[in-house]
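Step one of this worksheet: look at the structure below.
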Amino acid sequence: MNQQLAGYAPTPVAARMENHGRHMLKVAMASGQDLYARTGSVVAYEGFVQYEPNPPAARQIASQWVTGEGAPVMKCSGDGLLYLADYGADVVVINLDNDALSVNGTNVLAFDAHLQWGAERVKGMAKFAGQGLWNVQFAGTGWVALTSRGTPIVVDCGRGEDETYVDPDALVAWSPALKVKGKRSFKASSLIGRGSGEAYQMAFSGQGIVVVQPSEDSTDRLRVRG
């Protein structure tokens with residue numbers, strides 16, 4: 001039986017964050033290298049690892065981009081290996097190198113605690129979504145792990161002058177340098193988005209990337225009013 005299961009055994013550590021299969025994240029923990037992870041995402045760990053749910057440093061920031069009780073992240077510290085997952089979603093690992101990334105809060109799985117991060121209101125979207133659309137922006141050098149409902153596509157918006165249009169409920173992340181605006185159209189109602197009536201899209205232009213998942217977020221991020 002051990003030989004039959006050998007292909008699923010943990011692999012040697014190669015990086016701070018890496019995939020173990022498509023649906024699990026492996027994080028190499030070490031003293032002084034704390035991690036923020038989505039609450040409830042740890043499925044296993046090895047070594048000595050401590051957890052601090054709803055840490056004060058993250059409580060105020062996290063409350064801006066979620067609804068419900070408390071902050072959605074916990075602080076992890078110690079030495080060992082952490083294994084994280086989010087209901088079988090695909091895991092995407094990104095190593096920021098003095099760079100920035102804006103992420104849909106529901107797609108954040110884990111990130112290095114030393115990164116600069118905070119909730120950002122998406123400019124130009126308030127008239128489409130009441131008080132606006134909030135994302136979490138990360139900046140600096142370090143690791144970020146995202147989730148995607150299926151294998152995502154990464155669109156390079158710098159290849160041409162045309163805008164890239166995305167269903168807000170399928171959006172995972174984008175480069176903060178991109179220009180963003182909202183658009184709605186009756187004609188596109190059967191092309192982008194589900195349901196009847198108008199179609200609502202986010203239009204991106206400039207130099208950067210957009211990450212899109214093949215499944216719409218069930219939280220309905222963009223509720224149009226008026």
Side-chain angles (χ1 to χ4, degrees), residues 15-19 25-30 32-42 51-67 70-77 82 84-86 89-125 132-149 152-158 164 166 168 170-180 202 204 206-213 217 219 221:
R16 160 72 162 172
M17 288 188 186
E18 55 188 317
N19 286 82
L25 172 71
K26 180 172 70 173
V27 183
M29 299 292 296
Q33 298 181 14
D34 294 346
L35 180 83
Y36 284 122
R38 175 169 290 277
T39 300
S41 63
V42 176
Y51 305 92
E52 182 183 357
N54 200 17
R59 189 178 301 147
Q60 183 175 2
I61 297 175
S63 65
Q64 295 176 324
W65 52 274
V66 298
T67 57
V73 294
M74 57 185 176
K75 188 176 183 180
C76 307
S77 59
L82 273 178
L84 295 85
D86 183 22
D90 283 25
V91 175
V92 181
V93 179
I94 300 173
N95 187 10
L96 296 179
D97 183 10
N98 194 27
D99 204 353
L101 188 69
S102 187
V103 183
N104 176 3
T106 61
N107 294 94
V108 176
L109 181 61
F111 56 95
D112 281 332
H114 66 260
L115 286 172
Q116 299 175 20
W117 68 289
E120 297 281 343
R121 178 177 284 136
V122 182
K123 297 180 180 179
M125 299 299 294
L133 181 66
W134 291 86
N135 264 33
V136 184
Q137 183 164 310
F138 300 97
T141 299
W143 295 85
V144 179
L146 314 178
T147 60
S148 173
R149 303 300 170 184
I153 183 173
V154 179
V155 180
D156 185 355
C157 296
T164 298
V166 179
L171 180 65
V172 174
W174 73 82
S175 301
L178 289 172
K179 296 180 180 179
V180 185
M202 293 176 67
F204 296 88
Q207 296 288 329
I209 62 169
V210 179
V211 183
V212 183
Q213 62 187 2
D217 189 341
T219 57
R221 315 181 58 219

Please determine whether side chain to side chain contact (heavy atoms under 4.5 Å, CB included) holds for the pair Val211 and Val92, giving the CA-CA distance in whole Å, both sets of side-chain angles, and the decisive distance to 0.1 Å. CA-CA 10 Å; Val211 183; Val92 181; 5.8 Å; no
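- Interatomic distance, OG1 of Thr164 versus CD1 of Ile209, reported as 11.5 Å (0.5 Å rounding).
- Not a single donor-acceptor pair under 3.5 Å links the side chain of Asp112 to the backbone N or O of His114.
- Nearest heavy atoms, Ser175 versus Gly208: OG-CA, 3.5 Å.
- Side-chain contact between Met17 and Leu35: present, with at least one pair of heavy atoms (C-beta onward) separated by less than 4.5 Å.
- For the pair Ile94 and Phe138, the minimum side-chain heavy-atom distance is 4.5 Å or more.
- Partners of Ser41 according to the side chain to side chain contact (heavy atoms under 4.5 Å, CB included) rule, which considers only residues two or more places apart in sequence or in another chain, are Ala37, Arg38, Met74, Leu84, Leu109.
- The heavy-atom pair separating Gly142 from Leu115 by the smallest distance is N-CD2, 3.7 Å.
- In terms of the side-chain hydrogen bond (donor to acceptor under 3.5 Å, both in side chains) criterion, residue partners of Asp90 (sequence neighbours excluded) are, by chain and number, Arg22, His23, Thr151.
- The shortest distance between side-chain heavy atoms of Trp174 and Asn135 falls below 4.5 Å.
- Panel note: side chain Gln213, backbone Arg149; a donor-acceptor pair is recorded below 3.5 Å.
- Residues meeting the side chain to side chain contact (heavy atoms under 4.5 Å, CB included) test with Ala177, sequence neighbours left out: none.
- Every pair tested for side chain to side chain donor-acceptor pair (under 3.5 Å) that includes a residue from residues 137-146 fails, sequence neighbours excluded, so the list is empty.
- Interatomic distance, CG of Leu82 versus SG of Cys76, reported as 5.5 Å (0.5 Å rounding).
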- Evaluate side chain to side chain contact (heavy atoms under 4.5 Å, CB included) for Val155 paired with Phe204, printing each intermediate quantity in order. CA-CA 10 Å; Val155 180; Phe204 296 88; over 6 Å; no
What pairs of donor and acceptor atoms, side-chain ones from residues 95-102 against any protein atom, are under 3.5 angstrom apart with sequence neighbours left out?
none

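- The ring pair (Phe, Tyr, Trp, His ring centres under 6.0 Å) search around Tyr36 returns Phe111, Trp117, not counting sequence neighbours.
- For the pair Met29/Arg16, a side-chain contact is recorded, criterion being any heavy-atom separation below 4.5 Å from C-beta on.
- For the atom pair CG of Leu146 and CG of Asp86, the computed distance is 11.5 Å after rounding to the nearest 0.5 Å.
- The two residues Leu171 and Asn104 come nearest to each other via the heavy atoms O-ND2, 3.4 Å.
- Between Asn19 and Val91 there is a side-chain heavy-atom pair separated by less than 4.5 Å.
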